[in-house]
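So you know, we letter chains A, B, ... as the sequences are listed, proteins then strands, and number each from 1.
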2 protein chains.
Amino acid sequence: MGISKIDKMQNLSKNQQIIFDLIDKSSEPLKAYTILFNVQKKGIKAPLQVYRALDKLVEIGKIHKIESRNAFIACHNSSCQVAKATAFSICEICEKVTEISSAGLSKYLANFKDKDGMKYSKYNLEFFGLCKKCR
Amino acid sequence: MGISKIDKMQNLSKNQQIIFDLIDKSSEPLKAYTILFNVQKKGIKAPLQVYRALDKLVEIGKIHKIESRNAFIACHNSSCQVAKATAFSICEICEKVTEISSAGLSKYLANFKDKDGMKYSKYNLEFFGLCKKCR
DNA sequence: TAACACTATGTAATAATATAACATTTATAA
DNA sequence: TTATAAATGTTATATTATTACATAGTGTTA
Ligand SMILES: [Zn+2]
Ligand SMILES: [Zn+2]
Ligand SMILES: [Zn+2]
Ligand SMILES: [Zn+2]
């Protein structure tokens, strides 16, 4: 049994919850200043308030940063703890981003050994291509 | 037979060559403004001159961007054409970055199919952990 | 050569992304 | 309650990257 959505929901502070809700209901990755603009009516006025909430949400695995886009999406692997082992597909035309949840892939990467025999439990993988719609 | 170092060397413009040389001889990934600072004595004075050269060097595969660090390293896979299929290990303490060159890994990722059966020839993978020295 | 297309360069201004520093408040728990 | 950690508020600033426009070089071909 994984961590339920309810479990993951609690413990968020006010700003964290406001910002998570915005990201979670978004159909696309959101950038920090887009988030800032959209939560100003809720009293979050400064970049730092956004970045602090984002840092925390990333840390606890509720959102992920898409490094190549400087944008954030909610984690929809509600039943996994892969906050530190992430994989995404990114459409180079419409910029749609999808989190990849593949047991085979995560197993392969978690067990991958480099030339020194070193394993890595933490990684981020971004695939690029065209999504179904754009192909 | 792959592309030789000589082949890769030619065709660079003046600014591209200056900036590539700096990155290539660096023992660590370099950030754009660090590069700018270091090439000002050679007449490259503006950020845009640096970013344009970086864009081109990335495009032709002579350097790679480490997305999670906003920094650039020279490609040392001189005999491969994987400009668009990159993997790195990053030490979370000393920030040492190493390009991973594993036929097994690149084969696995190039053949990976997502839920829709989609394959991706382009990807970027960043592993995080501790390097030999820092372990 | 001349005309053309293409690539690269120079320069200034500005946009976008992210953090430092410091004061205060709120939540948690011994 | 007292102590501790976590979160917030605010201002200023640092870092990373692009827009816009003008100019110069390079190679191709009419
Ligand atoms: Zn996730
Ligand atoms: Zn698309
Ligand atoms: Zn490479
Ligand atoms: Zn290290």
- Message: Can a donor-acceptor pair be found, under 3.5 Å and without considering hydrogens, that links the side chain of B/Glu59 to the backbone of B/Lys56?
- Response: no
- Message: Any side-chain N or O of B/Gln49 below 4.0 angstrom from OP1/OP2 of C/dT11?
- Response: no
- Item | A/Arg135 vs B/Met118 side-chain heavy atoms within contact, under 4.5 Å | yes
- Item | Euclidean distance, atom CD1 of residue B/Ile60 to atom P of C/dA8 [Å, nearest integer] | 9 Å
- Note on the structure: Atom CZ of A/Arg52 and atom C1' of C/dT25 are separated, to the nearest Å, by 12 Å
- Query: Over how many whole Å does the gap from A/Asp55 atom CG to C/dT17 atom C1' extend?
  - Reply: 13 Å
- Any donor-acceptor N/O pair, A/Ser26 side chain to A/Leu22 backbone, under 3.5 Å: no
- Task: Considering only heavy atoms of chain B and a distance under 4.0 Å, specify the first and last nucleotide of DNA chain D in 5' to 3' order that meet this criterion.
- Result: D/dT16 to D/dA20
- Task: Could you tell me whether a side-chain N or O of A/Asp114 sits under 3.5 Å from a main-chain N or O of A/Asp116, the two making a donor and an acceptor?
- Result: yes
- Item | C/dT9 phosphate, OP1 or OP2, under 4.0 Å from B/Lys14 side-chain N/O | no
- Message: Reading DNA chain C from 5' onward, which residue's closest nucleotide shows up sooner: A/Ala32 or B/Ala53?
- Response: B/Ala53
- Message: For C/dT17 and B/Asn70 - does any side-chain N or O of the residue sit under 4.0 Å from the phosphate oxygens OP1/OP2?
- Response: no
- Separation of A/Ile66 atom CD1 from C/dT17 atom C1', in whole Å? 16 Å
- Verdict with reasoning, B/Ile60 to B/Leu12, per side chain to side chain contact (heavy atoms under 4.5 Å, CB included): CA-CA 10 Å; B/Ile60 64 181; B/Leu12 293 189; 3.7 Å; yes
- Message: Let's see if you can work this out: which of C/dA21, C/dA8, C/dT17 has an atom nearest to the side-chain heavy atoms of A/Tyr33?
- Response: C/dT17
- Query: For C/dA27, does OP1 or OP2 lie under 4.0 Å from any side-chain N or O of A/Asn11?
  - Reply: no
- Note on the structure: For A/Tyr123 and A/Ala110, the nearest pair of non-hydrogen atoms, with its separation, is CE2-N, 4.2 Å
Exercise answer: donor-acceptor pairs, residues 31-52 of chain B side-chain atoms, under 3.5 Å, sequence neighbours excluded:
residue	atom	partner	partner atom	Å
B/Lys31	NZ	B/Arg69	O	3.3
B/Asn38	ND2	B/Thr34	O	2.8
B/Lys41	NZ	B/Asn38	O	3.0
B/Gln49	OE1	B/Lys45	N	2.9
B/Gln49	OE1	B/Ala46	N	2.9

- Side chains of B/His64 and B/Val58 in contact at under 4.5 Å (non-hydrogen atoms): no
- CD of B/Gln40 versus C1' of C/dT11: gap in Å, rounded? 14 Å
- Query: What integer distance in Å separates B/Lys42:NZ from C/dG10:P?
  - Reply: 14 Å
- Take B/Tyr108 and A/Phe112 through the ring-ring contact (aromatic ring centres under 6.0 Å, His included) test and state the conclusion after the steps. CA-CA 11 Å; B/Tyr108 182 88; A/Phe112 174 77; 9.9 Å; no
- Item | Phosphate-side-chain proximity, B/Lys56 and C/dA8, N/O vs OP1/OP2 below 4.0 Å | yes
- Task: Give the minimum heavy-atom separation between B/Phe128 and B/Glu126, together with the two atoms involved.
- Result: CE1-O, 3.3 Å
- Message: What is the separation between atom NZ on B/Lys45 and atom C1' on C/dG10, rounded to the nearest whole Å?
- Response: 8 Å
- Message: Expressed as a whole number of angstroms, how long is the span from A/Leu48:CG to C/dA20:P?
- Response: 10 Å
- Task: Compute the angle between the rotation axes at the two ends of the helix from C/dT1-D/dA30 to C/dA30-D/dT1, each taken over five pairs, rounded to 10 degrees.
- Result: 30°
